[in-house]
Amino acid sequence: MKIKRVLIANRGEIAVRIISTAKKMGIETVVMRTESEPAALYTELADFICEIDEGVAGGHRFLDIESVIGAAHKTGCDAIHPGYGFLSENAYFAHKCQEQGVIFIGPPPDAIYKMGNKTIARDIAISAGITVARGSQGNISHHEEAERVAATIGYPVIIKAASGGGGRGMRIVRSEAEMERMFNMASSEAAKAFNDPSVFIEKYIDSPRHIEFQILGDHHGNIIHLGERECSIQRKHQKLLEEAPSEALNEELRSEIGTLATEIARAVNYHSAGTVEFLLDADSNYYFMEVNTRIQVEHPVTEMVTGIDIVELQFRIAEGEKLPIEQNDVRIEGHAIECRINAEDVQAGFAPDPGRVERLNLPTANHIRVDTGVTEGSVIVPGYDSMIAKLIVKGDNRNDAVRRLKLALDKVWIKGVKTTIPLFRMLVRNRDFIGGHYYTDFLEKEVTQYHYNSYYEEKIAAWLAVRLFIRENWGDETDRYDEGESGQVSPWLLNKRLRQF
Amino acid sequence: MGERIRYRKLYVLPTRGRSHQFSLPLKESIRIGKRDYPIQLKNDERFGTYVLWKNRKYPVEVVRSGQNSYEILFNDITYNFTVETPFSYRRRRTLTKAIQSPLSGEIKAPMPGKITEVLVKEGDTISSGDTIAVLEAMKMENEIISAISGTIARLYVKQGSTVMKDDPIAAVVSD
C-alpha cells in the first residue's frame with residue numbers, strides 16, 4: 001500500500017530530514033507544532049501543521065501516544081514516522097498504531113519490545129551465537145546482589161539500565177567500595193529517564209571501540225547490512241563524532257560481524273531500519289551490546305558512503321516493498337565523518353548553552369552535507385536536545401575526509417550560543433585521532449583540553465581586551481578609534497550593544 | 001588623562017597560561033616574526049561582528065567587561081583576561097607571592113540543574129576526588145567532585161535545590 005500522507009511525530013533536524021525524503025517520494029507531510037517552538041524550521045517545510053493543545057498537565061506532546069495517533073487520524077495520515085527518541089522505540093505505541101490502522105514506520109512491536117529490553121536482547125543474542133560480555137542473568141534489584149555478581153565476573157563492571165539508552169542509567173564501577181552509590185545512582189537515573197529502575201551488570205571492557213552495523217529488513221524475510229559506523233568519540237556515553245567505515249575493521253571482520261547483526265535481526269523477524277551495536281576490544285574481539293530499533297542520529301555517514309537513502313527505504317519497506325538491493329549490491333566508497341554541533345560550552349564541562357542562534361553560516365560543497373533543524377534566529381530551547389546541526393564531510397579515504405573536515409570546520413559560523421565546534425577543531429589536530437587510534441573513553445582519558453587553542457587567536461582576543469581597557473579607562477584620548485573606516489565598529493560600541501541584551 | 005603617559009605597555013593575563021604584552025600606543029596589528037599583520041574589527045549583516053586578520057574572518061563577542069577584567073568569545077573560544085598596567089602588574093605579583101594561597105575554596109556547580117542528592121554534611125572531612133553531591137541537568141545525573149581535600153565548612157545547597165552555573169555548592173577548608 002502506497003503511503004500518501006505521513007505524520008512525522010518528531011521535531012528538529014530529523015523531522016526536516018524525513019520531510020526531504022518524503023517530498024522526493026511525493027508523500028505529503030504533517031508535523032506537530034508546539035508552543036515552545038512555534039516557528040521551528042520543520043514546521044515551515046512540512047505540507048501541513050497540526051496544532052496541538054498544550055492542555056495535558058506534565059505530558060510531553062511528542063510522548064503522548066493518544067494525541068500523536070489522534071493527530072494522525074485528524075489530519076488524514078496513513079502512516080507515522082517516529083524519527084528517533086520520543087516514541088520511536090515504544091513497542092506499545094507501535095502496537096497502538098497497528099491497532100488503529102495507521103502504518104508505523106519502524107519494526108514490528110514485538111521486535112521493539114524484545115530489543116528494547118536489554119536483558120531479553122542479550123539472551124536472544126546468545127542464542128543467535130553472538131558473544132556478549134559476561135554479566136548478570138537478568139535484572140538486579142539490590143546493590144548487595146550487584147556486589148555478589150561483580151565478585152564473580154571481576155571488576156571493573158558496568159551497570160546498565162534495562163530499558164536504557166543514551167548513556168542514562170549507566171555507571172562504571174571499578175571496586176566494591178563504589179558499588180552501593182553507583183548502583184543507586186544508576187537505578188534512580190533509570191527510573192527517572194525510562195520509568196523503569198531495572199538495571200543489570202556486565203563485565204566492563206576497558207578502552208573498547210563502539211562499532212555499530214546499520215541493518216535493513218523487509219516484510220519478506222530479506223535482511224541486509226550497510227556496513228558499520230565507528231562511534232567511539234563519546235563523552236559520558238553520548239556520541240559526538242561518528243564515521244564510516246571504521247579503521248578497526250577489515251573486510252573479513254566487517255562481513256563476519258555484519259552477518260551476525262543480520263542474524264539477530266532475523267531472530268526477531270525484524271523489518272525496517274535498525275542498528276546493532278557492538279564493542280570491539282584491542283584484540284578485535286567483539287561483544288554484542290544492544291539493538292536500536294529506529295533511525296539513528298548518525299545514519300548520514302552510512303548514506304554518504306553507500307549512496308543509499310535509508311529513510312526512503314524505511315518508507316518503501318513500510319509500504320510492503322521488497323528490498324531493492326541484496327547484500328552483494330552494497331558498496332562502501334570513500335569515508336564520511338559526522339560532527340554533532342551542539343549548543344554546549346566545551347570549556348565548561350559541555351554544559352548546555354541554550355539561547356538564540358544570532359548568526360548561522362554553514363559550509364556547502366559537493367562533499368559536505370549539513371542536516372539541521374535550525375535557521376538564523378531560531379532558539380535552542382532547554383527542554384529538548386541541544387543539537388544545532390550535523391556536519392557530515394566525505395573524502396576519498398579517511399585522511400582526505402579529516403583534511404576536508406578541518407577546512408569545513410573553519411567555515412562554520414555560529415553566533416549567539418556556544419557550540420561543540422572547538423572540540424572538533426581540536427580533534428582534527430590530534431595525532432591519535434588523525435591516525436584513527438581512539439576508543440570510547442579516549443576523550444576522558446587521553447585528552448586534557450577539549451578545545452583547540454591557537455596562540456595567535458588568543459593574542460588577538462587579548463588585543464581586543466586591551467582596546468576595551470584603553471577606551472574604558474582613558475576614553476577621551478582614544479576617541480579617534482571610533483572614527484575608523486566605514487563598516488568598522490569600535491569595541492566600545494560593540495560592548496554597549498552587547499550589554500543591552 | 002595624564003595617567004596614560006606613564007605607561008609604555010599593558011599586560012594581559014589569561015586565567016591560565018601565558019601572558020601577553022602590548023606596547024602603547026596600541027598598534028592596529030598583530031606581529032608574527034618580523035611582520036605586522038593588520039587587524040580590523042568589522043560588522044555586517046551576514047556575519048555580525050567579526051575580526052578580519054590575515055584574510056580570515058573570526059567571530060567575536062564581548063561577553064562581559066568590567067573594571068579591568070574581560071570575557072571575550074573569539075572564534076568560539078571563551079577567554080577570560082585581566083588587563084594590568086606595569087604598576088598593577090608588579091603589585092599583583094607581589095601580592096600573590098605574599099599570600100601563600102590556601103588550598104581552601106568553594107566547590108561550584110559546573111552547570112545549571114537540580115541537586116538530587118547531597119552526600120556530605122557540614123563538618124565532614126573529604127578528600128580531593130570525593131563526590132559531594134549529585135546534580136541533575138538535561139536528564140543526566142552528574143557527580144560534583146571536590147578538587148580540594150579538607151573539611152566541609154559550609155553547605156549552600158540541600159536536596160532539591162536548583163542551582164545556576166557557578167553557584168557555590170560547598171565551602172571547603174583545608175586542614
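Just so it is clear, the values below take in all heavy atoms, side chains as well, and ignore hydrogens, waters and symmetry mates. Order of the sequence lines fixes the chain letters, A, B, ..., with proteins taken first and strands second; residue numbering starts at 1 for each chain.
Using a cut-off of 4.0 Å between Lys/Arg side-chain N and Asp/Glu carboxylate O, A:R467 and B:E28 are scored as salt-bridged.
Contact count versus chain B (heavy atoms, under 4.5 Å) is highest, among A:R425, A:K415, A:H451, for A:K415. Between chain A and the residues B:I32, B:L52, B:V51, B:T131, the most heavy-atom pairs under 4.5 angstrom are made by B:I32. Among the candidates B:E117, B:K54, B:E143, the residue making the largest number of heavy-atom pairs closer than 4.5 Å to chain A is B:E143. Ranked by non-hydrogen atom pairs under 4.5 Å with chain A, the options B:P59, B:G48, B:S19 are led by B:P59.
Here the shortest heavy-atom pairing between B:R46 and A:E376 reads O-OE2, 4.3 Å. Residues B:P14 and A:E458 come closest through the heavy atom pair CG-OE2, 3.7 Å. Between B:M111 and A:A351, the closest heavy-atom pair is CB-CB, 3.5 Å. The minimum heavy-atom distance linking A:G416 with B:E61 is given by the pair N-OE2, 3.5 Å. Contact between A:A465 and B:F81 at its shortest, heavy atoms only, is CB-CD1, 3.9 Å. A pairwise comparison of heavy atoms in B:V83 and A:V466 identifies CG2-N, 4.3 Å as the closest pair.
A 4.5 Å side-chain heavy-atom check between B:V60 and A:L464 finds at least one atom pair inside the cut-off. Side chains of A:V346 and B:I77 form no contact here, defined as non-hydrogen atoms less than 4.5 Å apart.
Between atom CZ of residue A:R471 and atom OG of residue B:S65 there is a gap of 11.5 Å, rounded to the nearest 0.5 Å. B:Y58 contributes atom OH, which lies 11.5 Å from atom OH of A:Y456 (distance to the nearest 0.5 angstrom). A distance of 4.0 Å separates CZ of B:R56 from CG of A:D410, quoted to the nearest 0.5 Å. The distance from the CD1 atom of A:I470 to the CG atom of B:L26 is 4.5 Å, given to the nearest 0.5 Å.
Contact of B:E84 with chain A is not made at all, since no heavy-atom distance falls under 4.5 Å. Looking at A:E457, the atoms closer than 4.5 Å to chain B (heavy atoms on both sides) sit in the backbone and in the side chain alike. For A:W463, the parts sitting under 4.5 Å from any heavy atom of chain B are the backbone and the side chain alike. Both the backbone and the side chain of A:Y455 come within contact range of chain B, judged by heavy atoms closer than 4.5 Å. For B:T82, no part sits under 4.5 Å from any heavy atom of chain A, backbone or side chain. For A:I414, the part sitting under 4.5 Å from any heavy atom of chain B is the backbone (N, CA, C, O) and nothing else. When heavy atoms are compared at a cutoff of 4.5 Å, A:K418 approaches chain B solely by way of its side chain, counted from C-beta outward. For chain B, no part of A:D353 is nearby; none of its heavy atoms comes within less than 4.5 Å.
Of the possible donor and acceptor atoms, none in the side chain of B:W53 sits under 3.5 Å from a partner among the backbone N and O of A:I460. Without hydrogens or angle criteria, A:R359 side chain to B:E45 main chain gives a donor-acceptor distance under 3.5 Å.
Between B:Y7 and A:W474, the angle of the ring planes stays under 30°, which puts this pair in the parallel group of the 30/60° scheme.
Within a 6.0 Å sphere centred on NZ of A:K192, heavy atoms belonging to other residues, nucleotides or ligands number more than 12. More than 12 heavy atoms of other residues, nucleotides or ligands shown are found within 6.0 angstrom of CD on A:E444. Counting heavy atoms of neighbouring residues, nucleotides and ligands inside a 6.0 Å radius, atom OH of B:Y37 exceeds 12 of them.
Residues of residues 68-76 of chain B lying under 4.5 angstrom from chain A, judged on non-hydrogen atoms, are B:N68, B:Y70, B:E71, B:I72, B:L73, B:F74, B:N75, B:D76 by number.
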- prompt: Would B:K57 and A:K411 count as a side-chain contact (heavy atoms from CB on, under 4.5 Å) if you check the C-alpha gap in whole Å, the side-chain angles of each, and the deciding distance to 0.1 Å?
  reply: CA-CA 9 Å; B:K57 296 186 187 77; A:K411 295 204 175 83; over 6 Å; no
message: Would B:L119 and A:R181 count as a side-chain contact (heavy atoms from CB on, under 4.5 Å) here? Give the steps.
response: CA-CA 10 Å; B:L119 299 156; A:R181 184 164 51 86; 4.2 Å; yes
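Note that A:K459 lies in the cation-pi zone of B:F22, set by a 6.0 Å cut-off to the ring centre and a 45° limit from the axis.
Every pair tested for salt bridge (charged side-chain N to carboxylate O under 4.0 Å, His left out) that includes a residue from residues 145-166 of chain B fails, sequence neighbours excluded, so the list is empty.
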